Visitor: 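So that we are looking at the same thing, I have put the structure below in C-alpha cells.
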Amino acid sequence: MTFLRRPWVRRLLAVALAVYLLSSPVLVVVETGWPGALTVLPLAAAAFGCCVWALLGRDTRRNAWLLAAALAGGLALHVISRYSGMGFLYFVVFATPFRTRFWTAVILVTADMAGTTALSFLLGLRGWELLGNLFGLTYVAVVIFLMRHVRTTREHAAALAEARAGEAVLAERARLAREVHDILAHSQSAQIVHLEGARLLLERGEDPAAALDRVNRAVRLARAGLEETRRALDVLRGQELPLAERLERLAVEFRSVTGSSCAVSVTGDLGSLEAGARLAVARTAQEALTNVRKHAPGAAVSVALRRTGAWCELEVRDTGGPAGAPAPQGGGYGLVGMRERAELIGGSLAARPGVEGFEVLLRVPA
C-alpha cells in the first residue's frame, strides 16, 4: 500500500485510468468521424469529469450524484455505440463502494448491473455476450464490496486498538496519580503531626530533646516521601527499576539502618508482570521491612520473590521481636492498604504469625 501512495505511481495510475475511460469513446469518434464526435465527445467529457470529481471529493452525497451522472453517461454511450461506455460503467462499480455510503453504493451498483443488462438485451446482445457482461459486472461488484468490508474492518480494529491504548494510558496515569497522592498524603500528614507536637513542646518549654526527636522524625518522613515520589515519577517516565534491583535496594537500606541480615531471593521469569503487580510487590516488601524495623528491632529477615504458574508470590519473614515474639505488622502505608491494592488487581495478601516471627505473603497475577 505504501508503494501506491508514491507520487509518480499515483500519476501513472491517473493516466492509465484516463486512457481506460476515454479509449472507447475516442475509437468511436475515429470510426464515425465528426458527426459522431458531436454526440460522443460531450457525453464522454461530462462522464469523465464526474468520475474525476467523485474521486477527488469527500462529500458522500455529492459523490453519489456524480457517480449517478457518470452511470447515465456510460449507459448513453453504450446505446450510441456498443461497449463505448463500459469503462464508465465499470468505474461506477469500482468507485461507488468507497466514495459513497453503503446502501447508496448498493443501489447504484444494482442500477448499473440492471441497466447494462437491460440495454444490452434491447441492443440485440444475446447468449454468452449478454451473460459475459452481467458476469463481469457481478464479479467486480462482489470483489469490490469484499474489499470495502476488509477496509472497514481494519479501520474499526485500528480505532478500537487506539481507544484501548488511550484507556490504558488514562488508567496508568490515574494509578500513578493515586500513588503519588497516597505517598504525599501519608508523608505530609505524619510530618504535620510530629511538627505540631514539637511546636507544642517548645511553646510549653517542655523537654527540648523530645521536641528535637519529633523534628528529626518529620525530617526522615519528608526524605522518605521525597524518595517515594521520585520512584513514582521514574515509573511515569519509563525509568522503573527491575523488581529484583528494587528489592535488593530495600534490603541494603534495611541492613544499613538495623545492622541485621536481610536475604533476598528471586526465582522465575517476572518479565510479564504488569505495572500494578510490580508496584504492589515493591510496596508490600517496603511496608513489611518498615514494620520489622519498628516492631522487631534486631530481627533478621528473608525476602523471597518467585513465579509459581500464573501467580507471582512475595514472602517476607522475620525471626521475631525481642525474646522471639512475633512482630506486629501495621503502620506506615499499612498492610490493610496493601491488601486492598492487591485485591484491586486480582491478588491477595496474608499477614500472620510464623514459626519464629511474622510472615507476609502476597500473591498477584503473573
Side-chain angles (χ1 to χ4, degrees), residues 4-5 7-123 125 132-149 151-152:
L4 296 178
R5 294 175 183 174
W8 68 271
V9 175
R10 286 178 174 269
R11 287 193 290 269
L12 184 61
L13 290 176
V15 172
L17 177 61
V19 171
Y20 170 71
L21 292 176
L22 297 176
S23 58
S24 295
V26 169
L27 289 176
V28 171
V29 171
V30 171
E31 292 175 359
T32 61
W34 285 110
L38 295 177
T39 304
V40 173
L41 287 181
L43 274 175
F48 181 77
C50 291
C51 293
V52 173
W53 197 354
L55 283 179
L56 298 178
R58 295 184 178 273
D59 187 337
T60 56
R61 180 176 297 181
R62 184 179 62 189
N63 288 342
W65 287 108
L66 290 171
L67 291 169
L71 171 61
L75 292 174
L77 289 170
H78 187 48
V79 171
I80 295 173
S81 178
R82 293 179 182 180
Y83 304 119
S84 62
M86 291 303 293
F88 296 105
L89 298 178
Y90 273 96
F91 177 85
V92 170
V93 176
F94 273 111
T96 301
F98 296 102
R99 309 309 296 175
T100 65
R101 296 182 182 275
F102 176 77
W103 288 112
T104 304
V106 171
I107 293 172
L108 283 175
V109 170
T110 303
D112 190 334
M113 296 166 58
T116 303
T117 303
L119 288 178
S120 298
F121 183 81
L122 293 175
L123 292 173
L125 300 179
N133 290 333
L134 179 60
F135 176 79
L137 290 172
T138 303
Y139 177 79
V140 171
V142 170
V143 171
I144 292 301
F145 275 103
L146 286 175
M147 291 174 61
R148 183 187 187 278
H149 176 71
R151 191 186 75 167
T152 303

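Sequential numbering from 1 along the given sequence is applied to the chain's residues. What you see is a predicted model, and the numbers here were worked out from it, not measured in a lab. Below, all heavy atoms of this structure are taken into account, side chains as well, without hydrogens, waters or symmetry copies.
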Visitor: Nearest 0.5 angstrom please: Thr100 OG1 to Ile107 CD1, how far?
Guide: 9.5 Å
Visitor: Answer yes or no: is there a side-chain heavy-atom contact under 4.5 Å between Arg148 and Ile144?
Guide: no
Visitor: Kindly check if the number of other-residue, nucleotide or ligand heavy atoms within 6.0 Å of CZ (Phe98) is above 12?
Guide: yes
Visitor: Please round to the nearest 0.5 Å and tell me the distance separating atom CG of Leu75 and atom CG of Asp112.
Guide: 6.5 Å
Visitor: In terms of heavy-atom contacts, does CZ of Phe102 have more than 12 from other residues, nucleotides or ligands at under 6.0 Å?
Guide: yes
Visitor: Please report the shortest heavy-atom distance between Trp53 and Asn63, naming the atom on each side.
Guide: O-OD1, 4.1 Å
Visitor: According to the interplanar angle, ranging from 0 to 90°, do the rings of Phe135 and Tyr139 count as parallel (below 30°), tilted (30 to 60°) or perpendicular (above 60°)?
Guide: parallel
Visitor: Would you please test Thr117 and Asn133 for side chain to side chain contact (heavy atoms under 4.5 Å, CB included) and show each step?
Guide: CA-CA 7 Å; Thr117 303; Asn133 290 333; over 6 Å; no
Visitor: Minimum heavy-atom separation for Pro97 and Ala105, please, with both atom names.
Guide: CA-CB, 3.7 Å
Visitor: Could you check whether any side-chain N or O of Arg99 sits under 3.5 Å from a backbone N or O of Gly57, counting only pairs where one atom can act as donor and the other as acceptor?
Guide: yes
Visitor: Considering only heavy atoms from C-beta outward, does the side chain of Leu55 approach that of Phe91 to under 4.5 Å?
Guide: yes
Visitor: Please find the pair of heavy atoms, one from Val92 and one from Thr96, that lie closest to each other, and give the distance.
Guide: O-OG1, 2.5 Å
Visitor: Output all residues satisfying ring-ring contact (aromatic ring centres under 6.0 Å, His included) with Tyr83, sequence neighbours left out; order by chain, then residue number.
Guide: His78
Visitor: Can you name the closest pair of heavy atoms from Ala111 and Leu71 and give their distance?
Guide: CB-CD2, 4.2 Å
Visitor: Thr104 and Arg61: side chain to side chain contact (heavy atoms under 4.5 Å, CB included), yes or no, with the steps?
Guide: CA-CA 9 Å; Thr104 304; Arg61 180 176 297 181; over 6 Å; no
Visitor: If I compare all heavy atoms of Leu66 with all of Cys50, which pair ends up nearest, and what's the gap?
Guide: O-CB, 3.4 Å
Visitor: To check you understand the geometry: which heavy-atom pair defines the closest contact between Val109 and Ala141, and what is its length?
Guide: CG1-CB, 3.7 Å
Visitor: Just do the side chain to side chain contact (heavy atoms under 4.5 Å, CB included) check on Trp65 and Asp59 with the steps written out, would you?
Guide: CA-CA 10 Å; Trp65 287 108; Asp59 187 337; over 6 Å; no
Visitor: Flag yes if more than 12 heavy atoms outside Arg62 fall under 6.0 Å of its CZ atom; otherwise flag no.
Guide: yes
